Number of protein chains: 2
Amino acid sequence: MVKITDVARRAGVSPSTVSYVLSGKRSISAATQRRVEASIRELGYRPHAGARALASSRSNVLALVMPLRSGIHVPVQMQFAGAVATTARRHDHDVLLLTQEEGEDGLRRVADSALVDALIVMDVQLRDARVPLLRTLPLPSVLIGFPAEADGLTCIDLDFTATGESCVGHLAQLGHRCVALLGSPPEVYARGTGFAQRTAAGFTAAARRGGMTSTVLPCEPTRAAARETVERLLHDHPDLTGVVVHNEPALPLLMEAFQQAGMRIPQDLSVVAVCPDELAENTAVPVTSVAIPAAEVGERAVGLLMDKLNGRSVPDATLLPPRLTPRASTAPRGSG
Amino acid sequence: MVKITDVARRAGVSPSTVSYVLSGKRSISAATQRRVEASIRELGYRPHAGARALASSRSNVLALVMPLRSGIHVPVQMQFAGAVATTARRHDHDVLLLTQEEGEDGLRRVADSALVDALIVMDVQLRDARVPLLRTLPLPSVLIGFPAEADGLTCIDLDFTATGESCVGHLAQLGHRCVALLGSPPEVYARGTGFAQRTAAGFTAAARRGGMTSTVLPCEPTRAAARETVERLLHDHPDLTGVVVHNEPALPLLMEAFQQAGMRIPQDLSVVAVCPDELAENTAVPVTSVAIPAAEVGERAVGLLMDKLNGRSVPDATLLPPRLTPRASTAPRGSG
DNA sequence: CCTTCGAGTCGAAACGCTTCGACGGGCGGT
DNA sequence: ACCGCCCGTCGAAGCGTTTCGACTCGAAGG
């Protein structure tokens, strides 16, 4: 293994000088800098991560806590993780993957052992057991999603309230008066998952403001559940003309169920979804949708964390505005 | 921060004794052991990961290299990653997430800097640029998938050749004589992805052995591509009665396209898929399928790595046998 | 009864890096 | 011409573990 002393000897300087070239924490003459860099390159030197962490009490690793719970859409999570990983690298950090298998102890473990410098916590619940723990840990963290009590924590997410509102707004503009939200499986609501509840809240509030009739129904992502949900919905609300679907895997199933129930899309029923564009573009009828900007959330989350690590102050809450893309699944009421 | 000297003092022993209690590398009297463990517990001691890595030249972290390429099914990857993470923890290791963004340099970086002890490399191509590099690295590694030249490397995967054969076998048993394989998008074949090619090889060989007519066609996971592929297939092979689909996102699209082309499943056409059970059970007609045992692959991969790290010898190749689950999408030929 | 051995413990030397204080030499200000 | 400063560099002291010999017992073996 080539170490800093080897680099130093070859460049004719002391190890500390090499270190300063690497970190830029003291000024170094251009000539020395060049020699040291050449030496590093020629020897293929890489600082030993452990030694560095020990001496500097900075590991340059951040933990990504992915619960991998049921009922959440995996591709979105993955897109997010990918963005976190590549953005972290851009800031010279690596990413340690933590699943919820370990629970809160896992967080404490990596924090106490100084394995990581900071935490990114995904899939935050409204009453999340990890949140009080995060408050006590000496490490900076960023949450994806908002717990009920978010004060003092740095959180970021798509603005799901505005998302719900924006979907309703779109339908309202097209003249729809009776709308429904078909959401995540019941377990997701039961867990108190913020994004599900916020979408529902925004949806309901906007519908009420617009004087529209509205319902919210959870839905399992199975063919049978989709059919049953649709039947119940149409039975209870015969004048329904618009739905918002916030449940990726169920979206195609629900659309099919509506069509089999005799509702043509968009002639009889307008559909808006909260889902990735890729999915929205590949359903039987391309779906008007609001995408979750997973990549942007991931990037910004890392950015926030870096700011905190570097002592810069950051906003407590970052809400990304929804962007609705109209497609073929929505049309003015009565256009059939 | 509480350190090993604190623990030692409180237990009335030397730091080295604490270390030996922790590692079990020397025998310690039961009494001492108890006192040390109590001390650890009471102080909430966690060894500093960096210091440990420096002194022992073992970081207890392994790298998971996930390319995040296009055309591969994300949920399966994720299931795999989850299994790796939890299994690694069971062996007292953590997992560092590496995307392909960094390319081969990323591998070299984490290896040279001693950030990780070992590598798990996913989505291996037949001619993979990372493979020669892995040979030169001093770190043990396990590949998920098989490159063209696998000698000297430890690889594990579902036996895709047998999978292709098994699907054909199932169709043959039902009396089908003209079959097709609808596979991954062309880009996946173009990259020389082992699993795609092996399934095709097994499929074709088994069909030939059985005296069946067979075709292999790639397919993009879009509605339009699915329709076009199906039309072409039915035009070129009017006597087609069985298909194997090895392309998760395209599966529902293809089934729909077949039905719209007038082929009822399973009366006119039997369909076998290579996909997760969850997907197979939620298509319009539940699909006979071979699932990719992602969790098992992940677990075994970590197991192999641990064996290598501990100097145990391991088999070069591990091929998991396919398990075909019959469902409603396959029936004897001419049963309609 | 003396030697030998192993079990149990300790002290000290790494491990490879960062960082702090110090130092020499050139420069500008007076 | 002198003082004080800042720039660039160095040496040495850590950072918290692990691990290697060495040491002390008490027990087993001759």
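Chain naming here is simple, since letters A, B, ... match the order of the sequence lines and numbering starts at 1 in each. Worth saying up front: this structure is predicted, and the values here are computed from it rather than measured.
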Practice item. Please identify each residue that fulfils ring pair (Phe, Tyr, Trp, His ring centres under 6.0 Å) with Phe160(B), with sequence neighbours left out. Key: Phe195(B), His246(B)
Below 3.5 Å between N/O atoms, which protein atoms pair up with nucleotides 26-29 of chain D? Just atom names and distances, please.
none

**Study point:** side chain to side chain donor-acceptor pair (under 3.5 Å) partners of Lys308(A), counting only residues at least two apart
**Key:** Thr154(A)
Review point. Hey, is Asp6(A) close enough to Lys3(A) for a salt bridge, meaning N to O under 4.0 Å?
Key: no
Check your understanding: What pairs with Glu299(B) under salt bridge (charged side-chain N to carboxylate O under 4.0 Å, His left out), at least two apart in sequence or on another chain?
Key -> none
For residues 134-143 of chain B, dump all side-chain donor-acceptor pairs below 3.5 Å to protein atoms at least two apart in sequence or in another chain.
{"from": "Arg135(B)", "atom 1": "NH2", "to": "Glu149(B)", "atom 2": "O", "distance (Å)": "3.2"}
{"from": "Arg135(B)", "atom 1": "NH2", "to": "Asp151(B)", "atom 2": "O", "distance (Å)": "2.6"}
{"from": "Thr136(B)", "atom 1": "OG1", "to": "Leu133(B)", "atom 2": "O", "distance (Å)": "2.9"}

Practice item. Please round to 10 degrees the angle between the axis of the first five pairs and the axis of the last five pairs in the helix from dC1(C)-dG30(D) to dT30(C)-dA1(D). Key: 30°
Check your understanding: Any luck finding a side-chain donor-acceptor pair between Ser16(B) and Ser19(B) under 3.5 Å?
Key -> no
**Study point:** Selection: residues 1-21 of chain A, any non-hydrogen atom under 4.0 Å of DNA chain D
**Key:** Gly12(A), Val13(A), Ser14(A), Ser16(A), Thr17(A), Tyr20(A)
Practice item. Return the minimal non-hydrogen interatomic distance between Ala294(A) and Phe80(A), and the atom names on each side. Key: O-CD1, 3.5 Å
Exercise for review: Check whether any side-chain N or O of Arg52(A) sits under 4.0 Å from OP1 or OP2 of dT18(C), and answer yes or no.
Suggested key: yes
Check your understanding: So, Thr86(B) and Glu101(A): side-chain donor and acceptor under 3.5 Å apart, yes or no?
Key -> no
Revision key, fill the gap. So, with a heavy-atom separation below 4.0 Å from DNA chain D, the residues of residues 27-37 of chain A are Ser27(A), Ile28(A), Ser29(A), Thr32(A)
Practice item. Can you tell me which residue pairs pass the salt bridge (Lys or Arg N to Asp or Glu O under 4.0 Å) test with a partner in residues 118-129 of chain B, sequence neighbours excluded? Key: Arg69(B)-Asp123(B), Asp128(B)-Arg130(B)
Revision key, fill the gap. In whole angstroms, the gap separating P of dG8(C) from NZ of Lys25(B) amounts to 18 Å
**Study point:** Contacts of Asp307(A) that satisfy salt bridge (charged side-chain N to carboxylate O under 4.0 Å, His left out) - sequence neighbours left out
**Key:** Arg312(A)
Review point. For Leu22(A) and dT18(C), what is the distance between atoms CG and P respectively, to the nearest whole Å?
Key: 7 Å
**Study point:** Under 3.5 Å donor-acceptor pair, Arg26(A) side-chain atoms to dT9(D) base atoms
**Key:** yes
Check your understanding: Got a salt bridge between Glu104(A) and Arg108(A), using NZ or NE/NH1/NH2 to carboxylate O under 4.0 Å?
Key -> no
Under 3.5 Å, which donor-acceptor pairs do the side chains of residues 40-52 of chain B form with other protein atoms, sequence neighbours left out?
{"from": "Glu42(B)", "atom 1": "OE1", "to": "Arg10(B)", "atom 2": "NH1", "distance (Å)": "2.0"}
{"from": "His48(B)", "atom 1": "ND1", "to": "Gly50(B)", "atom 2": "N", "distance (Å)": "3.0"}
{"from": "His48(B)", "atom 1": "ND1", "to": "Ala51(B)", "atom 2": "N", "distance (Å)": "3.0"}

**Study point:** Rounded interatomic separation in angstrom, taking CG from Leu54(B) and P from dT17(D)
**Key:** 12 Å
Check your understanding: Quick one: Asn60(B) CG to dG16(D) C1', roughly how many Å, whole number?
Key -> 16 Å
Between side-chain atoms of residues 57-66 of chain B and protein atoms elsewhere (two or more places apart, or another chain), which donor-acceptor pairs fall under 3.5 Å?
{"from": "Ser59(B)", "atom 1": "OG", "to": "Val61(B)", "atom 2": "N", "distance (Å)": "3.3"}
{"from": "Ser59(B)", "atom 1": "OG", "to": "Leu115(B)", "atom 2": "O", "distance (Å)": "3.0"}
{"from": "Ser59(B)", "atom 1": "OG", "to": "Asp117(B)", "atom 2": "OD1", "distance (Å)": "3.2"}
{"from": "Asn60(B)", "atom 1": "ND2", "to": "Asp92(B)", "atom 2": "O", "distance (Å)": "3.0"}
{"from": "Asn60(B)", "atom 1": "ND2", "to": "Asp92(B)", "atom 2": "OD2", "distance (Å)": "3.4"}

